[in-house]
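Just so we're on the same page: letters track the sequence lines, and every chain starts at 1.
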Amino acid sequence: MNYWLMKSEPDVFGIDDLQQRPQQTEHWDGVRNYQARNMMRDDMKIGDQVFFYHSNCELPGIVGIAEVVKESYPDFTAFDPDDKHFDPKSHPDKPTWFMVDVKFVRKLKRTISLQELKLKPELTDLALVRRGNRLSINPVTQQQWTFILSLE
DNA sequence: GCCAACGTTGGC
DNA sequence: GCCAACGTTGGC
């Protein structure tokens with residue numbers, strides 16, 4: 001089983017939004033970066049555990065846990081000219097962009113902030129805290145996963 | 001294939 | 001709102 005961290009802006013789609021969705025499940029659309037796409041398309045499997053991260057907000061950090069419940073399929077928002085993430089170069093018969101479905105598992109008891117994660121010597125290799133990392137999806141090792149949860 | 005210009009992300 | 005760090009685009 002693999003572990004991941006997925007960023008979302010709480011003003012757009014936060015952990016509470018995921019919890020309130022039908023089946024507490026939502027498709028992770030709108031990723032328009034090839035590295036992030038490759039991770040979703042090739043490596044994210046059903047049952048993988050996901051840290052839900054709030055970015056671009058007052059207290060950026062990990063706020064909850066989700067789980068992959070559907071593996072890679074075409075991101076249909078890329079086909080919709082009215083969608084914010086429309087990509088005219090992606091066609092239904094040969095899609096450029098893919099997504100997975102994630103399901104709410106639980107909220108953390110508290111937000112484990114980016115600031116706090118950066119201070120931990122155990123997490124210097126965490127992709128999230130590496131300089132210049134802007135990817136919306138990051139791999140997390142099992143060791144990192146366990147350690148971060150121990151901070152809760 | 002190079003690289004300058006531009007766009008985006010996201011912390012601060 | 002600023003700006004560093006990337007990714008993408010497009011002229012050549």
Side-chain angles (χ1 to χ4, degrees), chain A residues 2-21 26-44 48-68 71-141 143-145 147-152:
Chain A
N2 291 312
Y3 300 91
W4 307 95
L5 179 146
M6 296 171 97
K7 297 179 186 173
S8 191
E9 301 187 23
D11 290 346
V12 180
F13 186 80
I15 187 81
D16 292 331
D17 297 304
L18 181 61
Q19 187 174 13
Q20 285 159 22
R21 282 292 187 273
E26 186 60 291
H27 48 269
W28 204 266
D29 64 301
V31 172
R32 297 291 179 268
N33 171 283
Y34 287 101
Q35 274 181 268
R37 178 206 67 182
N38 291 348
M39 286 189 267
M40 278 201 299
R41 189 189 58 187
D42 305 333
D43 300 325
M44 295 187 81
D48 282 3
Q49 300 292 111
V50 177
F51 280 137
F52 199 109
Y53 177 92
H54 280 176
S55 66
N56 224 341
C57 57
E58 200 169 327
L59 184 63
I62 297 168
V63 295
I65 296 174
E67 179 180 340
V68 177
E71 291 173 16
S72 163
Y73 62 107
D75 181 342
F76 50 77
T77 65
F79 310 139
D80 178 2
D82 295 327
D83 194 278
K84 183 168 176 265
H85 300 290
F86 175 59
D87 181 358
K89 292 189 300 253
S90 184
H91 299 282
D93 53 338
K94 199 174 185 302
T96 307
W97 305 112
F98 292 82
M99 60 187 175
V100 300
D101 286 359
V102 298
K103 178 173 182 156
F104 176 86
V105 173
R106 69 177 178 90
K107 288 194 211 180
L108 298 190
K109 296 182 204 112
R110 65 182 187 90
T111 299
I112 302 176
S113 69
L114 175 63
Q115 186 185 15
E116 182 177 351
L117 296 170
K118 279 181 168 172
L119 288 172
K120 302 293 179 186
E122 292 88 346
L123 298 176
T124 48
D125 289 330
L126 185 69
L128 178 75
V129 305
R130 307 291 305 217
R131 206 172 76 109
N133 175 40
R134 298 178 312 154
L135 281 185
S136 60
I137 300 177
N138 291 292
V140 176
T141 68
Q143 289 81 359
Q144 289 163 346
W145 179 274
F147 177 77
I148 290 168
L149 278 185
S150 79
L151 301 173
E152 186 182 5

**OP:** Can you spot which of A:Q20, A:K103, A:R21 makes a side-chain hydrogen bond (donor to acceptor under 3.5 Å, both in side chains) with A:E26?
**Re:** A:R21
Original post:
Do other residues, nucleotides or ligands put more than 12 heavy atoms under 6.0 Å from A:E152 CD?
Top reply: yes
Please list each protein N or O that sits under 3.5 Å from an N or O in nucleotides 9-12 of chain B, with the distance.
residue: B:dT9; atom: O3'; partner: A:R134; partner atom: O; Å: 3.3
residue: B:dG10; atom: OP1; partner: A:K7; partner atom: NZ; Å: 3.1
residue: B:dG10; atom: OP1; partner: A:R134; partner atom: O; Å: 2.9
residue: B:dG11; atom: OP1; partner: A:Y53; partner atom: OH; Å: 2.7
residue: B:dG11; atom: OP2; partner: A:N56; partner atom: N; Å: 2.8
residue: B:dC12; atom: OP1; partner: A:K118; partner atom: NZ; Å: 3.0

**OP:** Please determine which of A:V100, A:V68, A:D75 meets the side-chain contact (heavy atoms from CB on, under 4.5 Å) test together with A:M40.
**Re:** A:V100
**OP:** State, to the nearest 10°, the angle formed by the axis through the first five base pairs of the helix from B:dG1-C:dC12 to B:dC12-C:dG1 and the axis through its last five.
**Re:** 10°
Original post:
Name the one of A:W97, A:Y73, A:F98, A:F52 that satisfies ring-ring contact (aromatic ring centres under 6.0 Å, His included) with A:W28?
Top reply: A:F52
Original post:
Considering the options A:N138, A:I112, A:L149, which one meets the side-chain contact (heavy atoms from CB on, under 4.5 Å) requirement together with A:F51?
Top reply: A:L149
Subject >> Euclidean distance, atom CG of residue A:D87 to atom P of C:dT8 [Å, nearest integer] >> reply: 11 Å
Original post:
When A:W4 is tested against each of A:V102, A:V140, A:D43 for side-chain contact (heavy atoms from CB on, under 4.5 Å), which residue passes?
Top reply: A:D43
Original post:
With the threshold set at 4.0 Å, does a side-chain nitrogen-carboxylate oxygen contact exist between A:D42 and A:R37?
Top reply: no
**OP:** State, without any angle test, whether A:R134 and A:S55 hold a side-chain donor-acceptor pair at a distance under 3.5 Å.
**Re:** no
**OP:** Remember a base hit wins even if backbone is also touched, and classify A:R32 as base, sugar-phosphate or nothing at under 4.0 Å, heavy atoms.
**Re:** nothing
Original post:
Please give, in whole Å, the distance from C:dT8 P to A:R37 CZ?
Top reply: 10 Å
**OP:** Check the distance between B:dG7's P and A:Y34's OH and give it to me in whole angstrom.
**Re:** 18 Å
